[in-house]
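As structure tokens, the structure follows; a few thoughts come after it.
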Amino acid sequence: MAIVLHNSLTRRKEPLVTVQPGKVGMYVCGVTVYDRSHLGHAKSAINFDLIVRWLRYRGYEVKHVTNFTDVDDKIIARANEMGIDPLMLSSDMIREYERDMHKLKVKKADVYPKASETMPEIIAMVKGLVDKGFAYESHESVYFSVKKAVEYGKLSGQSLDQMVAGARIEVDEEKHDPMDFALWKAAKPGEIAWDSPWGKGRPGWHIECSAMCLKHIGPTVDIHGGGTDLVFPHHENEILQSEAYNGKQFTKYWMHNGMLTIGEEKMSKSLKNFFTIQDILAKYKPEVVRFFVLNATYSAPLVFDEDSLEESRKALEKLNNAYDAALSTLDKAKGDDDASRLCDEAWKKVEERLDDDFSSREAIATMFDFARETNRLIGDSRLSKKGAENVVQTFDRFNSIFDVLIKERQTFVTVPESAGTRDEVTVVRTGLSLDNVTKEELADDGRVKVWVEERSRARKTKDFAYADQIRKRLAELGIEIQDTKEGAGWKRK
RNA sequence: GCCGGGGUGACAGAGCGGCCAUGUGGCGGACUGCAGAUCCGCAUACAGGAGUUCAAAUCUCCUCCCCGGCCCCA
């Protein structure tokens, strides 16, 4: 019953015990908005979307906060190139992000704080850190002094000595220690800047998250999420700042999602090997993208390629077919199995698996078993009306968490075979011409029905060549015909 | 160099002491005029070596490979 989750901080699975019983304060690092979001960002958002949904399903009152970094070097650089205001660029990109997320059916966070709108809190925190002796001012910038930190590297396992030994650290005469990091950066001439006790400037990267967590959740957040690429230094530094400032544990459970990779390489904006969410959605349905992401372990890297997406498409189709089958059985079920045991057991298993570190992939595997059982019941006409309802309800429940099935999709419409005489067939045929059928004409369901009937008549008279021609032609025009026990059926693809 | 994660059948990818993962693909069968959908069945597994155990893909040790992080990043 209790939820168990993998904590990156302790590197083991732990039962979820929140600061306040029944409530979860959750902060997930959002994006730096200087460009359109890519599929990697979608993965992160979808992974945490499932986690939030599951926590809520389990009765937790979740406050989900995701930030937008709308002030940073890259945004400023890009905006300068374009000759526009940095905040203009970032607000445009935020709008794009929101649109993408909406399409991907990612539930909105409760708060989307922006760095630019959190300045008073950021400055207060920086000032507090200086006052407490954890930070120092240097040339109108403020740096966090890593030497003052009690527990450096508790999340990433990095130690200061090794870091320095590993070199590749730029020398900066403004810093007392090469590993010190900026809390506040003095503005360069012409840059966007805010007033502060140290002069005009803007926040360092890490401080905004610390300030936002404190402002919107409190000194201790229950779950803090983000990509594995943020573990060091971003999350490590957040811990240093927040714990120095608040004197309390900053995050109870750290959760890190694995990177989306292209081949062996991480998909990233800087490597320029990315597909934007919009690129992908032009070719694949949002449900397929969600399925692709959720049919993997959130914490592991996920390799992206078109073949995998295609495989996801097919697999999801299979699941949706079973759902469709159950839906269309609702009003014609005549068996006596109410499937209650099947449904109860399947759903119980889904719950167990999601309770265990949100194992969405395992839950999906359960649903495939469930789909197979469902298909068998329907195939043997054993499902009762109540049974069909139960099955549909189970799929609905699953879908309320995963959002990958499409309910109102076009299901197969069966056209009863009317035994036409040879004469009738001839008459009808004279009015129909395969060569002239158009897509527009077939937009009319009645017209499609005429063709399906026509094909059925042809089959009846063993004119299979003609029947196959009809099926082929209609398929080209987006109408799929399948023969079932109840007669020929069709749907739009 | 340091920190972390891995090596499972054709492929993707779970499991992490004994029990069918699951999906895609392949093969055979049922149903079909054919196709599709669906069902049934089959095959190819746990990197290598040593050890612990009644029992190991799962625990221990060693070896060999791979990936991510250490500037920005979800």
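Only a predicted model underlies this, so the values are computations on that prediction, with no experimental measurement involved. Chain letters run A, B, ... following the sequence lines, proteins first and then strands; every chain starts at 1.
- The nucleotide whose nearest atom lies closest to any side-chain atom of R361(A) is, among rC72(B), rA74(B), rA21(B), rA21(B).
- In this structure a side-chain-to-backbone donor-acceptor pair under 3.5 Å is missing from D177(A) to S145(A).
- Using a 4.0 Å heavy-atom cutoff across all strands shown, H256(A) reaches no nucleic acid atom at all.
- Nucleic acid contact class of V31(A) (heavy atoms, under 4.0 Å, all strands): sugar-phosphate only.
- Taking 4.0 angstrom as the limit, T366(A) places none of its side-chain polar atoms (N or O) nearer than this to OP1 or OP2 of rU22(B).
- Heavy atoms of S359(A) sit nowhere under 4.0 angstrom from any nucleic acid atom.
- Looking at heavy-atom distances under 4.0 Å, G258(A) makes contact with a base.
- Nucleotide rC27(B) has rG41(B) as its partner under the Watson-Crick or G-U criteria, with both atom distances under 3.5 Å.
- Nearest nucleotide to the side chain of Q158(A), out of rC2(B), rU22(B), rG33(B): rC2(B).
- Within the 4.0 Å cut-off from OP1 or OP2 of rA21(B), not a single side-chain nitrogen or oxygen of R353(A) is found.
- Using a 4.0 Å heavy-atom cutoff across all strands shown, K318(A) reaches sugar-phosphate atoms only and no base atom.
- Counting atom types as modelled, D380(A) pairs no side-chain N or O with a base atom of rC39(B) as donor and acceptor under 3.5 Å.
- Ranking rC39(B), rA74(B), rA21(B) by closeness to the A365(A) side chain, first place goes to rA21(B).
- Using modelled atom types and a 3.5 Å distance limit, the side chains of S44(A) and N47(A) yield no donor-acceptor pair.
- One can find a donor-acceptor pair under 3.5 Å joining the base of rA74(B) and the side-chain atoms of N257(A).
- Among the nucleotides rA74(B), rU38(B), rG13(B), the one closest to any side-chain atom of H38(A) is rA74(B).
- Side-chain atoms of F368(A) lie closest to rG23(B) of the nucleotides rG23(B), rG33(B), rA12(B).
- Listed nucleotides: rU38(B), rC34(B), rA74(B). Nearest to the side chain of D468(A): rC34(B).
- R471(A) contributes a side-chain N or O that forms a donor-acceptor pair with the base of rC34(B) under 3.5 Å.
- Under the 3.5 Å distance criterion, with hydrogens and angles disregarded, a donor-acceptor pair is assigned to the side chains of T69(A) and E208(A).
- Closest approach to the Q482(A) side chain among rA35(B), rU24(B), rU38(B) is made by rA35(B) (side chain taken as heavy atoms from C-beta onward).
- Among the protein residues, M367(A) comes within range of no part of the nucleic acid, since none of its heavy atoms lies under 4.0 Å from any strand.
- For a distance-only test at 3.5 Å, the side chain of R11(A) fails to qualify as a donor-acceptor partner of the base of rG4(B).
- If you check every strand for non-hydrogen atoms under 4.0 Å, R455(A) touches a base.
- Within 4.0 Å (heavy atoms only), G40(A) reaches at least one base atom of the nucleic acid.
- Residue N47(A) is out of contact with every strand shown, counting any heavy-atom pair closer than 4.0 Å.
- Counting only N and O atoms by type, the side chains of Y284(A) and E310(A) include a donor and acceptor under 3.5 Å apart.
- Checking rC72(B), rU24(B), rA74(B) against every side-chain atom of T32(A), the shortest atom distance belongs to rA74(B).
- Not a single donor-acceptor contact under 3.5 angstrom links the side-chain atoms of D229(A) to the base of rG68(B).
- Side-chain contact, H234(A) with E238(A): a donor N or O sits under 3.5 Å from an acceptor N or O.
- Among the heavy atoms of the strands, none lies under 4.0 Å from I364(A).
- Between the side chains of S308(A) and D305(A), at least one donor-acceptor pair of N or O atoms lies under 3.5 Å.
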